[in-house]
Protein chains: 2
Amino acid sequence: MHTEQIVTILRNEGHRVTPQRIAIIDYLIHTEDHPSAENVHAIVKKRYPMVSLSTVYKTLDLLRQKKLVNEIEVEGEARFDAHVDDHINLVCLSCGKIEDIDENLLKNIQSKVAKRSEYVIIKASFELHGYCNKCKSKYQ
Amino acid sequence: MHTEQIVTILRNEGHRVTPQRIAIIDYLIHTEDHPSAENVHAIVKKRYPMVSLSTVYKTLDLLRQKKLVNEIEVEGEARFDAHVDDHINLVCLSCGKIEDIDENLLKNIQSKVAKRSEYVIIKASFELHGYCNKCKSKYQ
DNA sequence: AGTATTATTAGGAATTATTCCTATTAAAGT
DNA sequence: ACTTTAATAGGAATAATTCCTAATAATACT
């Protein structure tokens with residue numbers, strides 16, 4: 001997905017396209033990080049110093065609602081990611097780094113659970129917590 | 001797992017066994033709910049009105065560290081569960097109800113990811129979000 | 001291009017779950 | 001029983017997020 005595609009989707013659904021929104025989308029599309037709202041704010045402010053944290057929160061929430069970004073909660077903090085296909089998030093308990101891993105068993109699991117439970121499933125979130133390559137030596 | 005077993009584990013590891021801790025463990029062992037810290041506090045206070053919320057937090061944290069309870073984060077709030085084997089948590093986006101589902105594919109996924117990534121994996125968390133049987137009619 | 005409409009924004013205050021602090025209490029080893 | 005010190009109660013502090021509102025600016029319509 002490209003910035004322009006997301007912008008077009010928003011515009012087509014009646015949302016206004018502001019420089020703040022473009023900057024936020026553009027950053028998320030081009031990073032491998034899984035930034036927090038605060039991280040996004042810090043980055044976007046370099047280009048648009050006037051952008052407020054509350055706008056960042058509102059925009060991230062809009063994008064999440066439209067399923068254009070994925071949100072996961074890590075240690076009491078929301079982290080965002082433009083990778084919206086189902087995947088596993090590997091979360092480092094030491095440095096907070098998040099790595100994505102695609103895994104096609106996830107689809108099987110979802111359809112199995114959908115059949116077995118009475119829930120209507122909207123969203124999946126698969127996380128594995130541990131220590132990344134850089135941090136694992138510190139913890140044995 | 002029974003209350004007494006958990007109590008014994010704590011005692012053997014040098015932790016003191018207080019009535020507050022017993023009450024908290026006992027509630028978690030016997031409920032199917034996935035209560036928040038506040039919920040646990042409310043329930044435990046019925047029997048021990050003097051028990052403080054900070055003690056509940058500390059005890060839940062101790063139990064989590066010892067892997068005697070599982071903690072998941074739902075909408076900015078921690079929820080606790082004495083079901084510690086890997087399972088899928090089905091979370092209702094409307095009423096917050098959480099249902100557990102066992103699924104043996106989870107083990108496969110974990111071992112695959114462990115091989116493929118450079119992370120040392122400590123903990124898994126699999127959540128599916130949607131609407132439970134009672135709430136789904138409201139949302140189509 | 002100019003104007004009107006109203007969604008969006010900036011900035012800060014309010015909220016809320018959680019953690020921190022510390023004098024007091026009580027579990028457990030002797 | 002006495003001693004040691006982990007654990008507790010209660011409230012203050014913290015931090016992520018949401019809420020509030022006047023000002024701004026994106027879009028639609030002339």
Side-chain angles (χ1 to χ4, degrees), chain A residues 3-4 6-25 34-66 68-69 71-80 91 96 98, chain B residues 3-4 6-25 34-66 68-69 71-80 91 96 98:
Chain A
T3 306
E4 304 76 46
I6 292 182
V7 162
T8 303
I9 291 169
L10 289 183
R11 206 191 302 273
N12 288 347
E13 300 202 9
H15 298 284
R16 292 182 183 175
V17 175
T18 64
Q20 292 92 331
R21 286 181 174 173
I22 294 174
I24 292 167
I25 293 165
H34 291 61
S36 66
E38 205 99 38
N39 294 153
V40 173
H41 186 224
I43 298 287
V44 168
K45 251 169 65 165
K46 288 180 188 165
R47 269 202 286 165
Y48 300 90
M50 83 303 298
V51 73
S52 74
L53 183 57
S54 63
T55 294
V56 172
Y57 272 106
K58 277 213 87 194
T59 299
L60 291 171
D61 197 55
L62 174 67
L63 295 170
R64 183 191 52 71
Q65 280 178 47
K66 300 292 172 198
L68 298 169
V69 306
E71 175 180 347
I72 68 172
E73 267 179 75
V74 176
E75 323 218 340
E77 178 178 73
R79 305 273 297 265
F80 300 87
V91 182
I98 298 175
Chain B
T3 307
E4 303 77 45
I6 293 181
V7 162
T8 303
I9 291 170
L10 291 183
R11 206 190 303 270
N12 288 346
E13 301 202 10
H15 299 283
R16 293 182 183 175
V17 173
T18 64
Q20 292 92 333
R21 286 182 173 172
I22 294 174
I24 292 166
I25 293 165
H34 291 62
S36 65
E38 205 98 41
N39 294 153
V40 173
H41 185 224
I43 298 287
V44 169
K45 253 171 62 167
K46 288 181 189 166
R47 270 201 286 166
Y48 300 90
M50 82 304 297
V51 73
S52 76
L53 183 56
S54 62
T55 294
V56 172
Y57 272 107
K58 277 212 88 197
T59 299
L60 290 171
D61 197 54
L62 174 68
L63 295 171
R64 182 191 51 72
Q65 280 177 48
K66 300 291 172 199
L68 298 169
V69 305
E71 173 180 348
I72 68 172
E73 267 180 74
V74 176
E75 322 218 338
E77 180 179 70
R79 306 274 295 267
F80 299 88
V91 182
I98 299 175

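Basis for what follows: all heavy atoms, side chains included, without hydrogens, waters or symmetry-related copies. Chain A is the first sequence line, chain B the second, and so forth, proteins listed ahead of strands; every chain is numbered from 1.
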Produce a footprint string for nucleotides 18-30 of chain D: one letter per nucleotide, 5' end first; B if the base is under 4.0 Å from any protein heavy atom, S if only the sugar-phosphate is, - if neither.
BB-----BBS---

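Atom NZ in Lys58(A) sits about 8 Å away from atom C1' in dA7(C), given to the nearest Å. The CD atom of Gln65(A) sits 11 Å away from the P atom of dT8(C) (whole-angstrom rounding). Met50(A) places its CE atom 9 Å from the P atom of dG11(C), with the value rounded to the nearest Å. One interatomic measurement links the two molecules: NE2 of His41(B) to C1' of dG10(D), which rounds to 10 Å at whole-angstrom precision. Atom-to-atom, CG of Leu63(B) to P of dA7(D) comes out at 12 Å; the value is rounded to the nearest Å. The CG atom of Leu60(B) sits 10 Å away from the P atom of dT18(C) (whole-angstrom rounding). One can place CZ of Phe80(B) at 13 Å from P of dA17(C), the figure rounded to the nearest angstrom. In this structure, the CD1 atom of Ile24(B) is 13 Å from the P atom of dA7(D), given to the nearest Å.
Contact detail for Glu77(B) and Ser36(B): the closest heavy-atom pair is CD-CB, 3.7 Å.
Candidate nucleotides dA17(C), dT9(C), dT8(D) were compared by shortest atom distance to the side chain of Arg21(A), and dT9(C) ranks first.
The closest side-chain heavy-atom distance from Leu10(A) to Leu62(A) is below 4.5 Å.
For His41(B) (side chain) and Val51(B) (main-chain N/O), a donor-acceptor pair under 3.5 Å exists by modelled atom type. Checked by atom type and distance alone, the side chain of Asp61(A) never pairs as donor or acceptor with a backbone atom of Lys58(A) at under 3.5 Å.
Atom CD1 of Ile9(B) and atom CG of Leu63(B) lie 10.0 Å apart (nearest 0.5 Å).
Between Ser52(A) and the phosphate of dT9(C), there is no side-chain N or O to OP1/OP2 separation shorter than 4.0 Å.
Screening Arg64(A), Lys66(A), Arg79(A) against Glu71(A) for a salt bridge (charged side-chain N to carboxylate O under 4.0 Å, His left out) leaves a single residue, Arg64(A).
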